[in-house]
Amino acid sequence: MNRLLLLGGLGLLVLAAGLASLAVGSVSLGWARMAAVLGGAGDDVARTILVDLRLPRALLGLGVGAMLGVSGATLQGYLRNPLAEPSVLGVSSTAALGAVIALYFGLANWHPLLLPLLAIAGAFAGLGLLGLLSGRSESPLTLILAGIAVSTLAVAGTSLSLNLSPNPFAAMEIMTWLMGSLEDRSFEHVWIALPCIAIGLLLLLWDGRALDALTLGEDGATSLGIDLRRTRLRLLLGVAIGVGGAVAISGSIGFVGLIVPHLVRPLTDRSPSAILLPSVLAGAALLTLADVAVRIIPTTAELKLGVVTAFLGVPIFLVHLMRERRLW
Amino acid sequence: MVTIRAERLGVALGRRAVLADVDADLAPGRLIGVIGPNGAGKSTLVRALLGLVPLSGGGVRVDGQPVARLPRAALARRIAYLPQGQTLHWPLTVERLVALGRLPHLAPLSRIGEADVAAIDRAIEQADIGHLRGRVATELSGGERARVLLARALAVEAPALIADEPLAALDPGHQLEVMALLRRQADAGALVVAVLHDLSLAAGHCDRLLLLHHGRLVADGPPDRVLTADRLADVYGVRAWIGEVEGRRLVVPISHHG
């Protein structure tokens, strides 16, 4: 498929998803009132709902989705493993652990921003541990094994906090956060997440060519002039900062990073660099639409985003697995 | 024109010395074969020449400069490398795969230009894979894939080419064709180093052979001086018929004596 057509189509999809996210909520505003607010006029109620409640949620959906999509695409290329996703490095688990610590000790009640900040600190702690464990090795296997170790440790820490939580409400609060959601997020959250995501995107989009060269293995890539050590540094920093910032705001949202690259890959020439930008756009659209679905599906308690993406992810992934399997 | 010089080269994996005290001066315009039994250190030698393995001793100079101090991208433009095996991690089309050979020449954020397209076309033609152009490389046969990967290395159009077992998985016709191709590259002024197993092809096409045994360079010179019956018995443990047919030297192993 023509690349411009693909990017254009996905761009339109992102726009549609963003508008849908603005339009859908517990109060129906109607297109006329929304258009008035977007045009700079409109009544105060509509303005508050749209700008203070729905706009941050839409922006976060787009940003978090873009970050998860591109980090999945980059990691699959770098590790040369179609099952890689942002959580394989363990940094999203350590970010979640940071947030859980904030909830467990009640720090989140002192100031609402302590939670995302501790989550980002958790992501960096995870990155440091990952660096220590994987050392100077350039093999993808070492990195995956180190990631599993980091992730297991973080998950164990999270379980421990649930185990020791002083009362059921604290445990419930932690569980709810872990399920992932974009509910009730404000612009303060946007200002924490989006800069992290922007840095993450820049770092990850840089190395498309190195990922292509890695199709030929480490020796092949190095002999084509790729400095694998720098590539790896950019990749680890990009995932830690970007996904750390995203998880800090949204909680753990699985499957987006895994399935988005698989969705766009058949529409490209299948080289790792070709799926990066489409994964940014498709990730943004997919997560935002899932967040719209969360609000539309009638349930007694609002569905959590991470739950919906997991349910969405499995069938999509299975269909693609069946179709792709003969190619690997 | 590129000259590669190995000086008292040593490589150790763990505590085991894989390569020791290898001295070699590789000059342009030559087709140089690297031969030796399995595990003799052939692949390690060529990887060391490219700075891909840490050295335990000695050094490698490319055009007089230590290889470790040359920027990777500059080295990539000077020496093209065809690694052993057929590592291919994604199902790319043949054309896309060959185009990877142009990576060392691309400035950041630039696209493939006319010169690159021309180089890709030349490489595809030389490796005789025009009919495979649109196919997915992972779906090709072993021999076809070997030629596609050779085309990828040729597309770099570097003044030096190091090929690790370029003949593996090729049928006899294509083996001869690839040797002739490497010969033409050398005649055109390139430095070509190829790791080979077929002694007749090595003897018939190379200007010079490096014979490795247990990580040491045991012979270095023109094929007729390197491939003697005594040496084949010592190094490979084989009794061989050595002769000449139609002006080409042939070495045919007859029996193995452990």
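Proteins get letters first, then strands, A, B, ... in listed order; numbering begins at 1 in each. It should be emphasised that the depicted structure is a prediction, and the values quoted were computed from it without experimental measurement.
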Quiz item: Going from CZ on B:Arg72 to CZ on A:Arg229, what distance comes out if it is rounded to the nearest 0.5 angstrom?
Solution: 10.5 Å

Quiz item: Is it the case that more than 12 heavy atoms not belonging to B:Arg183 sit under 6.0 Å from its CZ atom?
Solution: yes

Practice problem: May I ask you to name which of B:Pro71, B:Gly51, B:Ala73 has the most heavy-atom pairs under 4.5 Å with chain A? | Solution: B:Ala73

Practice problem: Considering only heavy atoms, give the residues of residues 216-228 of chain A separated from chain B by less than 4.5 Å, sorted numerically, with 'none' for an empty result. | Solution: A:Leu216, A:Gly217, A:Asp219, A:Gly220, A:Thr222, A:Ser223, A:Leu224, A:Gly225, A:Ile226

Self-check item: Nearest-0.5 Å distance, CZ of residue A:Arg270 to CG of residue B:Leu92
Solution: 9.5 Å

Exercise. Heavy atoms only: give me the nearest B:Arg96-A:Ser273 pair and the separation to one decimal.
Key: NH2-OG, 3.7 Å

Quiz prompt | B:Arg102 portion near chain A, given a 4.5 angstrom heavy-atom threshold | solution = neither

Self-check item: Interatomic distance, A:Arg80 atom CZ to B:Leu88 atom CG [nearest 0.5 angstrom]
Solution: 12.0 Å

Exercise. Heavy-atom distances under 4.5 Å only: say whether B:Pro104 touches chain A with side chain, backbone, both or neither.
Key: both

Quiz item: Hey, does B:Thr93 have a side-chain heavy atom less than 4.5 Å from the side chain of A:Asp269?
Solution: no

Self-check item: Proximity breakdown for B:Leu97 and chain A, heavy-atom pairs closer than 4.5 Å
Solution: side chain

Quiz prompt | Nearest-0.5 Å distance that lies between atom CZ in A:Arg265 and atom CH2 in B:Trp90 | solution = 4.0 Å

Practice problem: Could you have a look at A:Ala274, A:Ala213, A:Ser271 and say which one has the most heavy-atom pairs with chain B under 4.5 angstrom? | Solution: A:Ser271

Quiz item: Just wondering, more than 12 heavy atoms not from B:Arg133 lying within 6.0 Å of its CZ?
Solution: yes

Quiz item: For B:Leu82, is it the side chain, the backbone, both or neither that has a heavy atom under 4.5 Å from a heavy atom of chain A?
Solution: neither

Quiz item: Is chain A contacted by the side chain of B:Arg77, its backbone, both, or neither, given a heavy-atom distance below 4.5 Å?
Solution: neither

Quiz item: Which bit of B:Leu75 is near chain A, if near means a heavy-atom gap under 4.5 Å: side chain, backbone, both or neither?
Solution: neither

Quiz item: Crowded around B:Arg78 CZ? As in, over 12 foreign heavy atoms under 6.0 Å?
Solution: yes

